[in-house]
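Just so you know, these numbers come straight off a predicted model, no measurement behind them. Side chains are part of it too, since the values below use all heavy atoms of this structure and drop only hydrogens, waters and symmetry mates. Just so we're on the same page: letters track the sequence lines, and every chain starts at 1.
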Amino acid sequence: MIESMIDLLTRVVLIMEDGGSGKVVVLVDMDCFYVQVEKRLHPELKDKPCAIVQYNKWQGGSIIAVDYEARKYGVKRSLKGKEAKEKCPGIHLVQVPEKRRKADLSNYRKASGEVMKVLSGFTSVIERASIDEAFLDLTEPVKDYINSNSFDSLEFHADLKSTHVAGCNDDDDTHKDDCDLRISRGDWFKSSCSSDERVLIVAAILVQRIRETILNEVGFTCSAGISHNKMLAKLAAGMHKPNQQTILPQSQVDVVFSTTLLKKVRHLGGKLGEQVQDKLKIECVGQLQEYSLKVLQEKFGLKTGSWLYELCRGICHEKISNRIITKSIGCGKNFPGPSKLKTAKAVKYWLEQLSRELVERLEEDMTENTRQAQSITVHFLPEGQASSVARTFALPSYNTSLIVNNSWNAINKGHKPVTNEESHLTWTTGILNIHLSAGKFVQCGKGHMKSLLQLMSSDQECSFVSASSSHSSIITGKEVTQMTLCKEEREDAVLTTTPTITEQDQSLETSSMNITKFFTPIKRKGSLETQLDRNAKRREVVLEEIKGTLESDDDTIIDNQFEAVLCSECGEEVLKFVLEEHMDYHFALSLDKDSQIN
DNA sequence: CTTTCTGACGCT
DNA sequence: TAGCGTCAG
C-alpha cells in the first residue's frame with residue numbers, strides 16, 4: 001500500500017519535465033588539466049602527445065594525466081612512463097615538480113584557483129568538486145538571461161557547434177542533423193522544444209561563454225555537462241570530450257540510460273556498482289527501473305535503495321554546496337616495498353619534509369583565505385596491515401616542529417621499536433605511507449587577525465618573538481609589560497608588509513590571547529614524581545643542577561621551576577627554567593633550516 | 001619491488 | 001567525535 005503510494009507520488013513528480021528539480025546544473029571539467037597547465041608553461045609542447053609523470057627513477061614514473069593525442073595510442077593514467085613510451089614513442093613526458101624530495105602539485109592547485117576565479121564571475125553558486133572540476137548552479141543566471149532577452153533575438157546563431165544533445169548518436173548522421181537542426185533553427189525555441197529543453201539551451205549558450213572566457217583569460221579548454229542535477233551533469237560532461245559540451249535533458253534520460261553502464265554513473269564506479277550489478281544481474285542504469293522501491297531498499301538498504309530508485313529515473317537530490325576552496329589541506333607520500341621506512345630517523349625525516357610542505361601551504365592559505373586550520377590528522381600505513389591508522393591532534397599554531405613531534409608520537413605509540421636505543425631504532429615492520437592533513441578551519445578575525453596570525457604562524461618570526469626571555473612571564477603575571485613589548489616588536493615587523501597601522505592598534509587583546517596560547521600551562525594533578533615519569537632521566541639531572549645552583553632549598557622555588565609549558569615549536573613539555581635555552585635551540589634550528597637549499 | 005597524491009563524504 | 005572505509009581522477 002505505502003509502496004504503491006510512493007511509486008505514484010514519484011510518477012507525479014516525474015511528470016514535471018525536469019524531474020522536479022527546477023534547476024539548471026552544469027559540470028565544468030578541465031581537459032587533461034595537468035597537461036594543459038604544463039603546456040601553458042612550455043608552449044613548445046603544444047600539439048605534441050604529452051603525459052605528466054610523478055617521479056621517474058622507477059619505470060619512468062607514474063602517469064597521472066594524459067592528453068588526448070597520447071590517449072589515441074592507448075596511454076592512460078596509472079601506466080608507467082616506460083610503458084607510455086612503448087605505446088607512443090613520440091610522447092613527451094613532463095615530470096611533476098619535486099620539492100623536498102616529493103612531488104609538488106602546487107602549480108596545478110594555483111591554476112585551479114585561476115579557473116575557479118573565472119567561474120565566480122558567472123554565478124554565485126559554485127562547488128569545487130576537485131582540482132579540475134566544478135559544479136555550477138546556473139538556474140538564476142538562466143532566468144536573468146531569459147528575462148533580459150527577447151527569444152526572437154536570442155543568440156540562435158551563437159556558435160553551438162561544440163554543443164551536443166545526449167541521446168543523439170553522433171555517428172549517425174541522421175540523428176546528428178536532427179539535433180543540430182533543433183539548436184540552429186530560429187523557430188525551434190517557440191514550437192518544437194519543451195520548456196525543460198529551452199532552459200538547457202539557454203544554459204548552453206551561457207556555458208559556451210564561460211568556456212570561452214576560461215580559454216581567453218587563463219588559457220585552458222574544458223568540457224561541460226548541462227542538465228538538472230549533479231548526476232546528470234557529470235554524466236553528460238563525459239559524453240563529448242575534449243573541448244565540447246553536452247546537454248542532457250530529462251526527456252533523453254530513458255534513452256541514454258538504456259545503454260549507460262552502471263559503473264559510469266557517479267558513486268557507482270566502485271564496490272556498490274559491482275554489488276548492484278551482481279545482485280540484480282543487470283548492466284545498465286535504465287534496467288534499475290524494473291525494480292520497485294521496496295525491492296531496492298530490501299537489497300541495498302533504505303537510503304541507498306531510494307537513491308537508486310530515483311537515480312535510474314534521472315532524479316538526484318545531491319546538494320550543490322557553495323564552496324570554491326578546499327575543506328582540508330594535506331600532503332602525503334608512499335614508501336612502497338624497498339623504500340619502506342624502517343627507522344625512527346627515516347620517519348622523522350619524512351615527517352619533517354611533509355610538515356614543512358604542509359605549513360608552507362597552510363600559510364599561503366591563511367593569506368589568501370583568512371582562515372586557520374585547528375587540527376591535524378596523521379595517517380600512516382604499517383607494513384602488513386590492511387588499512388592505515390589515523391590519529392588527530394590540535395594545531396594551535398602553524399608550526400613544523402609541533403606537527404613533526406605530535407605525528408611522531410602518534411606513529412611511535414602504535415608501532416613499537418625492537419630496541420630502545422635510538423640510533424638503532426628499527427621496526428620489525430616498516431611504514432609504507434605517511435599522510436598529513438590539516439582541517440577544521442575557522443575564519444580569522446576581521447582584518448587585524450589576519451596579519452597578526454600571519455606573523456604568529458611564521459616559523460621564523462615565531463622564533464623571533466618566543467626566543468626572547470619574556471615568554472615564561474606570560475604565565476606568571478607580567479602580561480601587560482611583556483605584551484606591550486611584543487606588540488612593538490610585531491609592529492616593526494608587520495609594518496614592512498602591512499601598511500595599516502590602525503588594524504594593529506586594535507590587536508592588543510587579541511594578541512594577548514594568541515601569544516598566551518603559545519605556551520599553554522599544563523594542568524597538573526599528580527605529584528612532582530609522577531610528573532617526571534615521561535622524561536625522568538633528563539629531569540633528574542635537571543633537578544640536581546637546580547639544587548646545586550640555588551642557594552636555598554626552598555621547595556616552592558624548585559616546584560615553580562618545574563612548572564612546565566607546552567612549547568609551541570615542538571609540542572613538548574618544557575620546564576620553565578630551561579625554556580630560554582630551549583627556544584634558543586629552536587631559533588638556531590630555524591636559522592639552520594633557512595640556510596638550507598630546498 | 002610500486003598506481004601517486006590528493007580530496008570529499010558516509011558510517012559507526 | 002575520531003577513525004575507518006569508499007569513491008573519484
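We find that CD1 of Ile320(A) is positioned 17 Å from C1' of dC9(B), with the value rounded to whole Å. Rounded to an integer number of Å, the gap from CG of Leu93(A) to C1' of dT3(B) is 15 Å.
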> How far apart are the C-alpha atoms of Phe33(A) and Phe220(A), what are their side-chain angles, what is the distance that settles it, and do they pass the ring-ring contact (aromatic ring centres under 6.0 Å, His included) test?
Replying inline: CA-CA 8 Å; Phe33(A) 187 49; Phe220(A) 302 132; 5.4 Å; yes
> When you look at Lys340(A) and Glu383(A), which way does the salt bridge (charged side-chain N to carboxylate O under 4.0 Å, His left out) test go after all the steps?
Replying inline: CA-CA 8 Å; Lys340(A) 70 184 177 187; Glu383(A) 192 182 11; 2.7 Å; yes
>> Run the side chain to side chain donor-acceptor pair (under 3.5 Å) test on Ser223(A) and Asp31(A) for me, step by step, so that the C-alpha distance in whole Å, both residues' side-chain angles and the decisive distance to 0.1 Å come before the verdict.
In response: CA-CA 7 Å; Ser223(A) 301; Asp31(A) 302 321; 2.8 Å; yes
>> Using the rule given for side-chain contact (heavy atoms from CB on, under 4.5 Å), can you reason through Tyr349(A) versus Val404(A), listing the C-alpha separation, both sets of side-chain angles and the distance that settles it, and then say yes or no?
In response: CA-CA 9 Å; Tyr349(A) 171 82; Val404(A) 169; over 6 Å; no
> What's the verdict on side-chain contact (heavy atoms from CB on, under 4.5 Å) for Tyr34(A) and Lys39(A), showing C-alpha distance, side-chain angles and the deciding distance?
Replying inline: CA-CA 9 Å; Tyr34(A) 291 5; Lys39(A) 285 190 175 183; over 6 Å; no
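Of the side-chain N and O atoms in Lys80(A), none sit less than 4.0 angstrom from OP1 or OP2 of dT3(B). Contact check, Asn334(A) against dC5(B): a side-chain N or O comes under 4.0 Å of OP1 or OP2. For Lys230(A) and dA8(B), the shortest distance from a side-chain N or O to OP1 or OP2 is not below 4.0 Å. Contact between the side-chain N/O atoms of Ser78(A) and the OP1/OP2 oxygens of dT4(B) is not found at any separation under 4.0 Å.
Residue Trp58(A) places its side chain closer to dC1(B) than to any other of dT6(B), dA8(B), dC1(B). Comparing dG7(B), dA2(C), dC5(B) against the side chain of Thr392(A) picks out dA2(C) as the nearest.
Atom NZ of Lys264(A) has 12 or fewer neighbouring heavy atoms from other residues, nucleotides or ligands inside a 6.0 Å radius. Counting non-hydrogen atoms of neighbouring residues, nucleotides and ligands closer than 6.0 angstrom, the CZ atom of Phe393(A) exceeds 12 such neighbours. Shown here is Glu283(A), whose CD atom has no more than 12 heavy atoms of other residues, nucleotides or ligands within 6.0 Å. Within a 6.0 Å radius of NZ in Lys299(A), no more than 12 heavy atoms belonging to other residues, nucleotides or ligands are found. Counting non-hydrogen atoms of other residues, nucleotides and ligands closer than 6.0 Å to NZ of Lys281(A) gives a total of 12 or fewer.
Aromatic stacking of Tyr55(A) on dT4(B): not satisfied for centres closer than 5.5 Å together with planes under 30 degrees.
Taking the P atom of each, dG9(C) and dT2(B) are spaced 26 Å apart, rounded to whole Å.
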>> Each nucleotide in nucleotides 4-9 of chain C should get exactly one letter: B, S or -. Can you fill that in based on protein heavy atoms under 4.0 Å?
In response: SSSSSB
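Of the residues in residues 104-123 of chain A, Leu105(A), Arg109(A) come within less than 4.0 Å of DNA chain B through at least one heavy atom, sorted by number. Near DNA chain B, meaning a heavy atom under 4.0 Å away, the residues from residues 59-75 of chain A are Ser62(A), Ile64(A).
A salt bridge is defined here as a Lys NZ or Arg NE, NH1 or NH2 lying under 4.0 Å from an Asp or Glu carboxylate O, and Lys348(A) with Glu352(A) fails to meet this definition.
Nearer to the 5' terminus of DNA chain B, by closest-nucleotide assignment, is the contact made by Gln54(A) (compared with the other of Thr326(A) and Gln54(A)). If you find the closest nucleotide of DNA chain B to Pro338(A) and to Phe335(A), the one lying nearer the 5' end belongs to Pro338(A).
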